Amino acid sequence: MEGLCTILLISLVSLALTQGNAVLDDGDKQALLDFVNSFPHSRDLNWDVNSAVCKNWTGVTCSQDESRVIFLRLPGVGFHGRIPANTLSRLTALQILSLRSNGITGPFPSDLYDLKNLTYLYLQFNKFSGPLPANFSVWKNLTIVNLSNNGFNGSIPQDISNLTLLSALNLANNSLSGVIPDLHLPSLQQLNLSNNNLTGILPKSLKKFPKSVFSGNSISLPFSPIPGPPGVLSFHQPNSKPKNAGRLSESALLGIIIAGCVLGVIGLAFLLLVWCLRRRGEDGFAGNLEKGGMSPEKAISRSQDASNRLVFFEGCSYAFDLEDLLRASAEVLGKGTFGMAYKAILEDGTSVVVKRLKEVSVGKREFEQQMEVVGGIKHENVVELRAYYYSKDEKLTVYDYYSQGSVAAMLHGKRGEDRIPLSWETRLKIAIGAARGIARIHAENGGKLVHGNIKSSNIFLNPQQYGCISDIGLSTIMGPLPPPLARASGYRAPEVTDTRKTSQPSDTYSFGVLLLELLTAKSPVHTTGGDEVIHLVRWVHSVVREEWTAEVFDLELMRYPNIEEEMVEMLQIAMACVVRTPDQRPKMVEVVKMIENVRQTEAYNQPSSEAKSESSTPPAPPQVFETETSIPQ
Ligand SMILES: *[C@@H]1O[C@H](CO)[C@@H](O)[C@H](O)[C@H]1NC(C)=O
Ligand SMILES: *[C@@H]1O[C@H](CO)[C@@H](O)[C@H](O)[C@H]1NC(C)=O
Ligand SMILES: *[C@@H]1O[C@H](CO)[C@@H](O)[C@H](O)[C@H]1NC(C)=O
Ligand SMILES: *[C@@H]1O[C@H](CO)[C@@H](O)[C@H](O)[C@H]1NC(C)=O
Ligand SMILES: *[C@@H]1O[C@H](CO)[C@@H](O)[C@H](O)[C@H]1NC(C)=O
Ligand SMILES: *[C@@H]1O[C@H](CO)[C@@H](O)[C@H](O)[C@H]1NC(C)=O
Ligand SMILES: *[C@@H]1O[C@H](CO)[C@@H](O)[C@H](O)[C@H]1NC(C)=O
Ligand SMILES: *[C@@H]1O[C@H](CO)[C@@H](O)[C@H](O)[C@H]1NC(C)=O
Ligand SMILES: *[C@@H]1O[C@H](CO)[C@@H](O)[C@H](O)[C@H]1NC(C)=O
Ligand SMILES: *[C@@H]1O[C@H](CO)[C@@H](O)[C@H](O)[C@H]1NC(C)=O
């Protein structure tokens, strides 16, 4: 009997403890009660004084030890009038405050200044008015601020610049006026300032955002190019060419003729090669290996050695072994920086690309480790490494085969009637895809993985027609970079020429060259008149410096109306990637953001049938190109 009483007593006490607010700071509970009792609202809140605040009160979340209220989310409760003073200010541990979609009036609540830990603030869709807080910097941890759809007026305080963690700022649909301050917010990912009364010129620091986020204001979007003073990157219309236009077209013509000759010779050589291969066709891949110094018998016998197997990655649906590979008919795809690439057609009809690596400088263990890192990358913009093979004499990597060929082939292949021109749309998708793939690669291996060999012949199109990057991470396991093949040298960052070591910034450089290649359809290194070797980067610099920006672009792109602005933006991104100083180049994640923002919302890019590249008059330059003379900064 006595025992039962004790048990009852204990459970009663513990019930009281959990049901009551013995743990929660009394001040927080009282603050909430004062807040709700003096703030009229139309929907009932179940904030029962006798129930557990942390467990039972709608919209209230406490810290793990239930000592403080850390989140308060009361959207759409029908609050109206002003936020009562000295209520919320007492919830000093508050991190998230959401009072969105109510009918709250009055100025920005000064109570919030005391919430030093505030991280997310959602006050959108209310009727707040008056100025924004002048001293945002009291909230050191502020990350997301949404004050959109209110009646705030006055200007945007410069003080927002102090919010180093701010990642999203939405001030859309208010009555803010004045000039947008130059906000240097390194973490800012999302911004919307649309539908206000803002004026002046868009500061450089915010240029990476799409134009739509500034719509509904009277802001001029300036066009300050990367090299030279404003206005340099103006878009010249083909029929109002500057004085020495004729000269360039002459030299261009010469270039075309010479390039044609070179192509012809290359084409002939290629035909010869194909013919030779046909003859050797029955030899298959083994024959090709033999050509490189190893007899097929030797290779096969080696494949019987258990430690020298083709190693497949998880999720790989291929079923073949080295023997199959050696039996497969093979065709040379080309000579790459690190060795020959072959297309091998297996007996079951599947095609794979086999790369035969020369001069691997690392041992088996390190090779395998690198392959595991690379093979572990599953990303729609990264060509998957399917398998690898390592033995003393032979190192192979196996990839999917892309029948469309590489971007290099698409860009520089023969331009004839049957060739489908690469539309701007496709080029954008190639650029975005490749950038995403490289950014993903750079995130691998603790953020240290380097691609090391970015070039258009290593980019393919995935099924969605986005760029997809291949040949990853080989540069780190190879010996010092061999002297570049003529065409590949144009991709090499200046510092790589000296150090022979690639890095993530040098990847950015190579990517910038790829962008220039997409824009100009010119090879990174090409010849024009005589022996003169033209480096694409230098050439673009010189053309842009002479205010010839329009001359840079691939003539094939001229058939697409209304893309000038996007092309110029892309050119600017490319120029930012190929700056000389490695640490001034943007990181690939930033490049991805920039390219994503190039795309305009307006309808565009329908190849108009009547427009021909030479005779058409491009549409009037968009507003962006107007130079604003009064800069009220
Ligand atoms: C809320 O409190 C009531 C008693 O007031 C209790 O019956 C109910 O279980 C509680 N709900 C939760 C989710 O704790
Ligand atoms: C702010 O948050 C940190 C970490 O969550 C905590 O240690 C600190 O006590 C909080 N500040 C206040 C005033 O509650
Ligand atoms: C600035 O912040 C303090 C709190 O640190 C607050 O009391 C004051 O009202 C704020 N001033 C303005 C002008 O917003
Ligand atoms: C706020 O930032 C400070 C450092 O500035 C940090 O110590 C604290 O933990 C942060 N609070 C929260 C809730 O993240
Ligand atoms: C801010 O609120 C608007 C309107 O509800 C919404 O569309 C937007 O996604 C919000 N932004 C952020 C950063 O939360
Ligand atoms: C903001 O609006 C209030 C009225 O709501 C007005 O008195 C004040 O002058 C306005 N401030 C600015 C800068 O327009
Ligand atoms: C905030 O930034 C302003 C300059 O915009 C600076 O004068 C001020 O000292 C900064 N305040 C804090 C608290 O960092
Ligand atoms: C601004 O208001 C308009 C109309 O009220 C609405 O359609 C739009 O979504 C709002 N913008 C934002 C960013 O909330
Ligand atoms: C914008 O500013 C103009 C002039 O400064 C003013 O007439 C107009 O009412 C303002 N519009 C809004 C929505 O505040
Ligand atoms: C910004 O808001 C406007 C409408 O006010 C909307 O059209 C636009 O898509 C928004 N932009 C972003 C990036 O949210």
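Atoms within each ligand, like the ligands themselves, are counted from 1 in listed order. These numbers come from a predicted model, not from an experiment. In this chain, numbering begins with 1 at the start of the sequence shown.
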For the residue pair N196 and S175, what are the closest heavy atoms and their distance? OD1-N, 3.3 Å
Can you tell me how the ring of F152 sits relative to the ring of F128, calling it parallel under 30°, perpendicular over 60° and tilted otherwise? parallel
List every atom of ligand 2 that sits less than 4.0 Å from any heavy atom of T92, numbering the atoms from 1 in the order shown and giving each element. 12 (C), 13 (C), 14 (O)
Within a distance under 4.0 Å of any heavy atom of A172, pick out the atoms of ligand 8 and give their elements. 13 (C)
Which option wins on minimum heavy-atom distance to atom 3 (C) of ligand 2: N117, L94, T119? N117
Taking it one step at a time, do E596 and R436 satisfy salt bridge (Lys or Arg N to Asp or Glu O under 4.0 Å)? CA-CA 10 Å; E596 283 171 350; R436 287 181 183 147; 3.0 Å; yes
To the nearest 0.5 Å, what is the distance between CG on L45 and OG1 on T58? 6.0 Å
Heavy-atom contacts with G154 under 4.0 Å: which atoms of ligand 6 show up? List them by number with element. 13 (C)
If we check side-chain hydrogen bond (donor to acceptor under 3.5 Å, both in side chains) with D507, which of these qualifies: H451, R585, K587, H442? H442
Are any of the N or O atoms of N149 closer than 3.5 Å to those of ligand 8? yes
So M567 and L519, do their side chains get closer than 4.5 Å, heavy atoms only? yes
Can you find a protein heavy atom closer to atom 11 (N) of ligand 6 than 4.0 Å? yes
Pull out every atom of ligand 2 sitting under 4.0 Å from any heavy atom of A93, numbered as shown with elements. 14 (O)
Does the ring center of F136 lie less than 6.0 Å from the ring center of Y113? no
Mark whether atom 7 (O) of ligand 6 lies under 4.0 angstrom from at least one protein heavy atom. no
Counting heavy atoms only, which of L176, N197, N153 is nearest atom 1 (C) of ligand 6? N153
